[in-house]
Amino acid sequence: MEKYNPASLEKKWQDKWFGENSFRATEDAGKDEFYCLEMLPYPSGSCHCGHLRNYALGDVLARFKSMNGFNVIHPMGFDAFGMPAENAAIAHGARPDQWTYSNIENMERQLKRMGLSYDWEREAITCNPDYYRWTQWLFELFYKRGLAYKKEAAVNWCDSCGTVLANEQVIDGKCWRCDHEVHKKNLAQWFLKITDYADELLADLDKLKGWPERVRIMQENWIGRSEGAEFSFAVENSDDKIPVYTTRPDTIFGVTFVVLAAEHPLVEKLISGQPNEVELRSFVETVKNMSDVEKTNADTEKKGMFTGVYAVNPINNKRVPIWVTNYVVYEYGTGAVMGVPAHDERDWMFATKYNLEKILVVDNPKKPLDINEMDNAYIEPGLMVNSGSFTGTDSVKGKRAVVDWLEKNNVGKRKVNYHLRDWLISRQRYWGAPIPIIYCDKCGEVLVPEDQLPVLLPTDVEFKQGALSPLSTSKSFNDCTCPKCGGHAHRETDTMDTFICSSWYYLRYTDPHNDHAPFDRDKVNYWSPVDQYIGGIEHAILHLLYSRFFTKVLRDAELLDFDEPFTNLLCQGMVIKDGAKMSKSKGNVVSPEEIIDKYGADTARLFILFAAPPERDLDWSDQGVEGSFRFLNRVWRIVNIFSEYFSDEAYSVEGLTVEEKNLRRVMHRTIKKVTEDIGERFMFNTAISSMMELVNEMHVFQDKPLNGALAREVVSSLLRMLAPFVPHITEELWSKFFDGSVHKQSFPTFDEAAIVEDEVEIVLQINGKVRGRMTLPRGLDREAIEKLALTQSRVKELTSGKTIVKVIAVPDKLVNVVVK
RNA sequence: GCGGGCGUGGCGGAAUCGGCAGACGCGUCGGACUUAGGAUCCGAUGUCCUCGGACGUAAGGGUUCAAGUCCCUUCGCCCGCACCA
């Protein structure tokens with residue numbers, strides 16, 4: 001028998017598959033399509049184990065669906081713009097495009113070595129002008145629809161990356177990419193109006209039944225919708241007003257102070273001229289200089305100073321002091337808050353510290369409260385008290401009543417607030433898609449005409465860390481003529497956030513070579529939405545939220561006809577080794593290519609699918625890899641042994657020996673298990689373990705005669721079941737003993753009748769403890785098993801002298817005799 | 001603090017609807033084959049045991065004929081959000 005030699009046979013089949021593009025997807029209206037997608041990688045240089053896991057999962061599903069008759073599209077590409085390419089340029093003068101394309105070349109080679117069933121003709125590389133031309137075109141579409149605008153704002157700035165960041169890219173006050181502290185900077189920047197879609201993005205989360213609950217909840221929290229009211233306090237002896245936002249209008253009579261964020265525009269006016277102006281100003285400066293992390297941490301001690309000025313509560317004309325504090329978030333709501341110490345924990349702490357008045361306005365209906373005996377705020381709903389004409393109203397109803405009053409008296413209105421902010425998309429970096437805007441002295445902001453797209457990246461630039469956008473150093477790029485008036489103009493020198501590029505790539509795959517539109521509407525509608533998306537949880541908000549936003553805008557622009565881009569989402573766990581995530585700094589990195597060199601891609605794939613269920617973190621084990629390799633050798637050997645028995649004659653089940661019947665039953669059982677584990681449960685690990693059981697069962701016949709037709713049937717089923725997991729070895733063995741490609745065969749089907757055994761073992765329990773077993777024909781009813789169980793000597797022995805209280809019989813499973 | 005998840009042998013993990021806990025793999029031990037084995041094949045492997053059994057799914061309690069699974073309390077770990085008014 002020839003030895004199993006993965007290196008040569010894997011190469012052979014890869015050359016064939018990718019040489020003829022075996023996995024080409026073509027539209028076929030007569031077939032159900034299945035869009036299987038894994039998150040596209042950043043071309044960092046080489047694939048890591050997380051990639052291997054992600055893509056192996058997708059590949060099993062794509063191949064499985066294809067064998068089940070679906071018209072599968074399974075594309076791959078590269079999210080190729082971004083900082084690392086530019087950093088390479090800064091560090092050692094590499095050209096970002098050359099650096100990127102050589103990384104892509106290497107990673108494509110590695111992906112092919114993994115035997116992944118991609119249709120490479122559909123590849124999308126986001127830094128190709130053919131691609132970013134349409135990214136720019138989409139920006140213009142957003143602009144024309146009023147969804148892209150430039151404004152000056154305090155934005156997140158990362159010194160280390162030398163660029164601004166979107167809110168979603170700031171994690172714990174630090175840059176998502178380089179982990180450096182982010183600070184605020186006032187700049188004029190481009191934004192996409194994602195907040196216009198906040199309500200729909202929130203509501204449609206309910207449609208995403210195929211998404212993990214935690215991802216939906218994270219998005220829900222991120223959008224952070226809250227309903228309340230906005231109204232204004234008048235500043236005493238002045239025309240100024242202080243608008244505040246509250247979700248508790250029912251507590252409006254309990255306001256005893258108003259608090260402003262240090263950044264609030266009115267602060268300067270209020271404090272100037274106060275006797276303690278110097279002290280106040282110094283406090284305001286201290287708060288302004290606090291880092292965002294410190295400022296937004298609930299544990300930071302609440303501090304404040306009385307400005308010396310009073311405000312007037314519009315509902316009862318009560319005069320309350322205005323304080324400036326460190327605990328109001330300037331960016332949320334109006335940057336000013338009404339202080340209701342009796343019914344808000346933060347206000348309680350603040351009022352206690354500075355000895356401010358507390359007024360109870362919502363009482364506990366079950367147990368009346370006394371403000372002097374409370375030791376924290378009462379935040380539950382209840383009965384309104386001390387609230388003028390609202391006294392006695394249920395506080396939930398009171399919310400509405402108070403807002404009605406505010407609206408009627410023209411001092412306030414209903415207001416919905418979101419945590420979600422507009423998406424800041426400009427980046428002061430080179431390696432991204434240029435924003436297709438021209439600034440003309442006469443005409444102002446002008447879109448680059450569509451027929452002049454793409455706005456190409458220039459090559460005459462200087463790369464410098466922390467400088468302005470490198471594009472501004474290019475004369476050829478900067479100077480241009482105005483498309484409207486033909487006069488002198490200059491270009492926008494910022495590029496777009498790379499998350500824009502990856503917000504629509506899955507749509508481009510459906511029509512990757514289109515040169516008159518980003519994609520054709522019929523094609524995108526045929527293939528999309530993505531039936532199964534697979535990737536890491538780190539994109540729970542960023543990429544997944546942006547992509548949903550894009551899809552909705554493109555639907556409104558009638559470019560496509562669906563609301564949500566990804567019907568089902570699977571978030572795979574991390575790959576761990578020695579108790580920590582694999583990372584260069586920890587020195588616990590395993591390179592997939594190393595494993596492929598040593599054992600072959602099939603072993604690498606099998607191990608990573610077998611070691612843990614997809615969503616759980618996976619512990620890398622070198623010995624576990626050996627085990628997977630051993631299994632494939634066992635398959636190789638037993639299939640070759642079985643092939644000696646092969647015959648084409650049909651067999652009759654009755655004519656089989658007991659052991660042959662058992663093998664046949666295990667085969668059917670395994671097909672059922674594998675079909676359900678892949679198709680319904682995403683439990684690839686148990687699918688593999690059941691196939692291992694089948695292979696173990698086959699070993700009974702390694703030195704025992706076996707019906708040739710059954711041998712053939714078992715091997716055929718096994719190879720077809722294994723094919724999605726280990727495509728090379730199965731293709732090789734299939735080609736030796738059968739016709740065509742194993743990957744073009746249909747997935748084996750099972751016969752439920754072939755799985756059931758004639759006889760079943762029934763567990764005998766006394767008081768719930770297993771005390772024996774009996775073998776009975778299957779399908780007996782309750783009464784029959786119960787009767788039979790009571791005649792068993794073991795049961796008689798253990799129940800003698802005791803009273804049988806009850807007997808529970810579960811057909812084909814167990815009998816439990818309850819005795820006293 | 002709020003939200004979500006998890007806790008099962010020496011290890012990774014099974015147990016899908018409340019019905020035999022520990023499938024499958026790793027490791028370990030034993031056997032066969034062999035000049036040899038770190039190859040291959042076969043077998044054993046939760047703990048304790050007086051060999052009858054007893055105990056056992058983070059801890060404690062509850063429901064049930066029956067609980068890893070359902071309910072309550074506690075502990076521990078992981079992830080996300082966090083002064084959002």
Side-chain angles (χ1 to χ4, degrees), chain A residues 171-172 212-222 224-226 228 244-248 251 259 261 295-302 325-329 331-340 343-347 349-350 379 417-420 537-538 540-541 573-574 576 606-607 610-613 615-628 630-631 633-634 637 673 676-677 680-681 683 685-696 699 702-703 761-773 805-810 812-819:
Chain A
I171 315 287
D172 288 335
E213 196 195 5
R214 60 178 168 150
V215 176
R216 296 203 309 256
I217 290 173
M218 280 161 76
Q219 292 214 353
E220 191 181 320
N221 291 341
W222 186 259
R225 184 181 198 274
S226 80
V244 298
Y245 173 73
T246 181
T247 55
R248 293 293 305 272
T251 65
V259 273
K295 218 190 305 188
T296 54
N297 186 345
D299 296 334
T300 303
E301 199 195 352
K302 290 167 186 37
T325 71
N326 66 350
Y327 80 94
V328 174
V329 179
E331 288 79 13
Y332 185 78
T334 60
V337 177
M338 63 182 205
V340 186
H343 305 290
D344 182 277
E345 283 175 35
R346 297 151 300 186
D347 296 344
M349 278 189 265
F350 189 73
I379 56 172
N417 257 333
Y418 300 92
H419 173 259
L420 182 73
I537 187 78
E538 66 273 17
I541 294 180
M574 286 187 301
I576 304 283
L606 188 71
F607 168 73
F610 177 60
E615 302 206 71
R616 207 184 292 191
D617 285 350
L618 181 152
D619 220 24
W620 186 272
S621 148
D622 292 331
Q623 285 164 333
V625 179
E626 295 263 3
S628 294
R630 204 145 47 214
F631 171 68
N633 276 287
R634 266 165 82 76
R637 184 172 163 274
K673 171 90 175 142
E676 291 173 354
D677 279 358
E680 292 160 31
R681 300 204 313 143
M683 292 285 281
N685 55 328
T686 52
I688 293 168
S689 69
S690 68
M691 289 187 284
M692 287 173 166
E693 286 179 81
L694 173 60
V695 169
N696 289 345
H699 275 73
Q702 60 186 313
D703 47 14
E761 195 174 63
I762 293 194
V763 171
L764 296 171
Q765 294 184 334
I766 310 289
N767 289 344
K769 305 232 179 220
V770 180
R771 283 294 177 266
R773 288 151 210 284
V805 182
K806 202 187 218 180
V807 181
I808 290 106
V810 183
D812 298 335
K813 280 225 170 96
L814 60 74
V815 178
N816 187 11
V817 183
V818 186
V819 295

(message) Could you tell me how far B:rC71 sits from B:rC26 if I compare only their C1' atoms? Round to whole Å.
(response) 37 Å

(message) Side chain of A:Y327, heavy atoms from C-beta onward: which of B:rA85, B:rC65, B:rU40 has the nearest atom to it?
(response) B:rA85

(message) Less than 4.0 angstrom between a side-chain N/O of A:Q702 and OP1 or OP2 of B:rC42, yes or no?
(response) yes

(request) Counting heavy atoms from C-beta on, name the nucleotide in B:rA82, B:rC24, B:rC42 closest to the side chain of A:N696. (result) B:rC24

(request) Could you check whether A:G627 gets within reach of a base, just the sugar-phosphate, or nothing at all, counting any heavy atom under 4.0 Å? (result) sugar-phosphate

(message) Could you tell me how far apart A:M574 (CE) and B:rG80 (C1') are, to the nearest whole angstrom?
(response) 13 Å

(message) Could you tell me how far apart A:R634 (CZ) and B:rC24 (P) are, to the nearest whole angstrom?
(response) 11 Å

(request) Look at the side chain of A:T246 and decide which nucleotide, out of B:rG13, B:rA85, B:rA82, has an atom nearest to it. (result) B:rA85

(message) Generate the contact string for nucleotides 15-20 of chain B. Rules: B means base contact, S means sugar-phosphate contact only, - means no protein heavy atom under 4.0 Å.
(response) SB--BB

(message) Base, sugar-phosphate or nothing for A:N417? Non-hydrogen atoms, less than 4.0 Å.
(response) nothing

(message) Whole angstroms only, please: what is the CE-P distance between A:M692 and B:rG13?
(response) 15 Å

(request) Could you state the atom-to-atom distance from CG of A:N633 to C1' of B:rA39 in whole Å? (result) 10 Å

(message) Taking only the P atom of each, what is the distance from B:rU8 to B:rG68 in whole angstrom?
(response) 15 Å

(message) Once pairs are restricted to Watson-Crick or G-U wobble with both distances under 3.5 Å, how does RNA chain B read as a dot-bracket string, [ ] for crossings and | for other-strand pairs?
(response) (((((((..(((......[....)))((((((.......))))))(((....)))..(((((..]....))))))))))))....

(message) Applying a 4.0 Å non-hydrogen cut-off, can you work out what A:V328 is touching in the nucleic acid: base, sugar-phosphate, or nothing?
(response) base

(request) With heavy atoms under 4.0 Å as the rule, sort A:P613 into base, sugar-phosphate or nothing. (result) sugar-phosphate

(message) Nearest 0.5 angstrom please: A:E345 CD to A:I379 CD1, how far?
(response) 5.0 Å

(message) Taking any heavy-atom pair under 4.0 Å as a contact, classify A:K769: base, sugar-phosphate, or nothing.
(response) sugar-phosphate

(request) Look at A:R771 and B:rG52 and indicate whether a side-chain polar atom (N or O) is within less than 4.0 Å of OP1 or OP2. (result) no

(request) Pick base, sugar-phosphate or nothing for A:T300, based on heavy-atom distances below 4.0 Å to the nucleic acid. (result) base

(message) Please report the distance, rounded to the nearest Å, between CG in A:L606 and P in B:rG12.
(response) 19 Å

(request) State which of B:rA85, B:rG13, B:rC42 makes the closest approach to the side chain of A:Y245. (result) B:rA85

I'd like a list of close polar pairs between nucleotides 27-30 of chain B and the protein, N/O only, cut-off under 3.5 Å.
from: B:rG27; atom 1: OP2; to: A:R630; atom 2: NH2; distance (Å): 3.1

(message) Categorize A:N685 for me: base, sugar-phosphate, or nothing, with a 4.0 angstrom heavy-atom threshold over every strand shown.
(response) sugar-phosphate

